[in-house]
2 protein chains.
Amino acid sequence: MALPFCAQAEQRFALVIHGGAGTLTREAITPELDAQIRAALNQSLDAGAAVLADGGTSLDAVVASVKVLEDSPHFNAGKGAVFTHEGRNELDASIMDGATRQAGAVAGLRTVRNPIDLARAVMEKSPHVMLIGEGAEQFAKERGIAQVEPEYFRTEHRWRQLQDVLERESTQASLPPSTYFGTVGAVALDSDRRLAAATSTGGMVNKRWGRVGDAPIIGAGTYADTNCGVSATGWGEFFIRLSVAYDICARMKYGQQSLAEAADAAVMTEVTVLGGDGGVIAMDAQGAIRMPFSTRGMYRGWIGVDGSRGVAIFADEDDPDGRIAP
Amino acid sequence: MALPFCAQAEQRFALVIHGGAGTLTREAITPELDAQIRAALNQSLDAGAAVLADGGTSLDAVVASVKVLEDSPHFNAGKGAVFTHEGRNELDASIMDGATRQAGAVAGLRTVRNPIDLARAVMEKSPHVMLIGEGAEQFAKERGIAQVEPEYFRTEHRWRQLQDVLERESTQASLPPSTYFGTVGAVALDSDRRLAAATSTGGMVNKRWGRVGDAPIIGAGTYADTNCGVSATGWGEFFIRLSVAYDICARMKYGQQSLAEAADAAVMTEVTVLGGDGGVIAMDAQGAIRMPFSTRGMYRGWIGVDGSRGVAIFADEDDPDGRIAP
């Protein structure tokens with residue numbers, strides 16, 4: 001979907017979102033849940049598109065889209081986040097404005113309702129890029145970012161998921177194959193051709209020792225410059241080691257690779273070679289969209305510069321980018 | 001200093017270290033302090049070189065070199081770290097093995113004597129790349145990594161530095177120009193041509209809200225692959241936004257830039273254009289060394305593949321890499 005901007009077209013924006021990648025299969029998901037997830041993805045697209053159609057910035061759009069997914073119990077970010085080994089929810093997020101390359105990131109949050117709001121406040125209202133733990137929550141308090149009781153994030157589904165993993169651990173049974181499904185993210189291009197990217201997550205179920213994945217790492221889980229925006233989801237350790245988000249932008253900038261070549265090489269080749277898996281959503285300054293993933297599924301949705309729109313879950317569903325399903 | 005490996009040469013390794021970049025001037029440093037700092041840099045070179053000369057790995061060498069600088073009260077890492085706004089020491093570190101691209105990182109430590117030891121333990125003895133805060137300290141405890149009372153890190157010099165900054169803040173006076181001097185790091189190439197890089201810091205004096213800079217961010221403060229190793233020091237926010245460490249490696253990999261071109265472009269151009277400053281030490285797989293910095297000085301030391309060796313502090317001192325002083 002590398003359609004160029006058209007001066008005659010009504011629409012001058014593009015938006016792509018994800019709700020995480022993982023080993024999801026059709027058998028593992030009921031028709032009702034499938035419908036609820038697609039509805040939430042569409043709601044997220046609506047929120048971002050409303051901003052963009054009104055001439056708003058890509059930065060406002062990605063925040064609007066991500067907040068819908070954070071507020072939905074179906075995704076591993078904000079409400080519905082996975083539990084740590086100790087039975088807590090610890091949230092990470094990051095955001096980047098491609099035009100200015102300003103960025104904000106937060107990790108280890110326990111009370112911030114919408115981590116992406118705090119990441120943006122760090123970017124715009126602090127001299128810093130990354131704040132962690134209690135200090136980050138103190139900054140949220142000082143800035144009036146909405147905070148909630150930790151119970152707010154709890155869903156029975158995620159609690160049972162932790163109990164299941166703990167039980168398997170104690171009985172030496174094999175762990176569930178994919179524990180990172182559900183990280184959310186968005187990349188947008190606005191009518192002034194500014195790109196922005198945002199990512200938010202609860203991390204891995206049963207994580208311990210204050211583990212942080214790629215979602216709050218600028219360059220790994222999130223990156224945006226004037227020609228490239230990326231939000232990642234997957235086995236975060238591999239995405240950090242390969243600086244996946246920035247690697248895609250660097251391939252385009254220094255290697256003259258297309259968005260599709262760059263995103264596919266980073267996700268389908270590099271991450272796979274090291275033994276990891278996952279996916280990204282990526283967009284260039286012409287609004288081309290690429291959504292490669294090496295897992296069985298990735299929750300995703302898109303609105304192209306040509307006005308085309310869709311949501312998908314499984315690898316064999318039609319993508320607008322013509323990617324070959326793995 | 002792009003000397004090729006020579007099959008006849010005795011020495012088959014190279015090592016470069018830094019003790020931070022900043023606005024240090026000759027007037028601001030006594031001859032005694034100057035001598036002590038150069039002695040510590042030489043001690044750090046000795047520690048790494050002993051490992052490498054004995055056929056040890058670049059990974060062991062960078063840890064040995066960084067630990068000497070962490071243990072010295074003269075650098076902002078380990079003992080002698082700067083104080084946070086609340087009067088605490090909070091330490092960050094990261095390490096990366098270029099041959100395997102395995103990595104480890106820690107942030108927000110208050111009791112770990114040598115943060116670089118914990119970063120390495122995260123890399124080698126956990127399934128994760130990055131651990132933060134109390135969870136990271138719990139992991140240190142479980143792994144028997146040496147812990148100390150928080151008072152261990154305190155030096156009067158750093159305490160007075162915080163009081164000075166707090167006083168200037170309260171009287172609205174201008175802040176000292178450089179508050180990040182002293183981050184430490186090392187990059188090494190061993191006789192098997194494996195590169196490794198490591199970085200350790202106390203962050204910025206008077207930092208608050210759990211601020212984290214580039215030092216523990218893989219891709220920003222530290223990166224290593226088979227052809228490139230980098231450790232950064234400087235105004236961390238800019239180094240994160242530009243993914244400086246990985247950017248240097250990406251310029252070489254995708255843009256066919258030399259180490260010198262890549263390192264100079266990232267530090268002297270990109271960081272400067274955005275309004276930041278700082279420096280890096282960088283090495284390629286032939287043992288070429290580059291040490292660009294845009295500040296008045298950078299504590300640094302090197303042992304080239306040709307056996308040449310030196311330490312330097314100010315911009316106008318001789319470097320082996322022929323860099324033009326700013």
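Naming: A, B, ... by sequence-line order, numbering from 1 per chain.
- Heavy atoms closer than 4.5 Å to chain B are found in both the backbone and the side chain of A:Gln102.
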Problem - A:Asp247 and B:Tyr254: CA distance, side-chain angles, deciding distance, side chain to side chain contact (heavy atoms under 4.5 Å, CB included) verdict - result: CA-CA 10 Å; A:Asp247 182 56; B:Tyr254 305 128; 2.5 Å; yes
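- Between the CD1 atom of B:Ile132 and the CE atom of A:Met130 there is a distance of 6.5 Å, given to the nearest 0.5 Å.
- When each of A:Glu142, A:Met96, A:Glu90 is checked for heavy-atom pairs under 4.5 Å with chain B, A:Glu142 comes out on top.
- Options B:Thr84, B:Ile217, B:Val129, B:Val106 differ in how many heavy-atom pairs under 4.5 Å they form with chain A, and the most are formed by B:Val129.
- Checked by atom type and distance alone, the side chain of A:Arg101 never pairs as donor or acceptor with a backbone atom of B:Arg241 at under 3.5 Å.
- When the candidates A:Ala105, A:Ala107, A:Gly135, A:Ala103 are compared by the number of heavy-atom contacts under 4.5 Å with chain B, A:Gly135 comes out ahead.
- Contacts between A:Ala220 and chain B at a heavy-atom distance below 4.5 Å are absent for every atom of the residue.
- Shown here for A:Ile218 and B:Ser243, the closest heavy-atom pair between the two residues is O-OG, 4.1 Å.
- Per-residue counts of heavy-atom pairs under 4.5 Å with chain A were compared for B:Tyr223, B:Phe238, B:Phe139; the largest is that of B:Phe139.
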Problem - side chain to side chain contact (heavy atoms under 4.5 Å, CB included) between B:Glu134 and A:Glu134, intermediate numbers included - result: CA-CA 11 Å; B:Glu134 285 171 26; A:Glu134 286 170 25; 4.0 Å; yes
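- Looking at A:Leu274, only its side chain comes within 4.5 Å of chain B, counting heavy atoms on both sides.
- In this structure a side-chain-to-backbone donor-acceptor pair under 3.5 Å is missing from B:Arg208 to A:Gln138.
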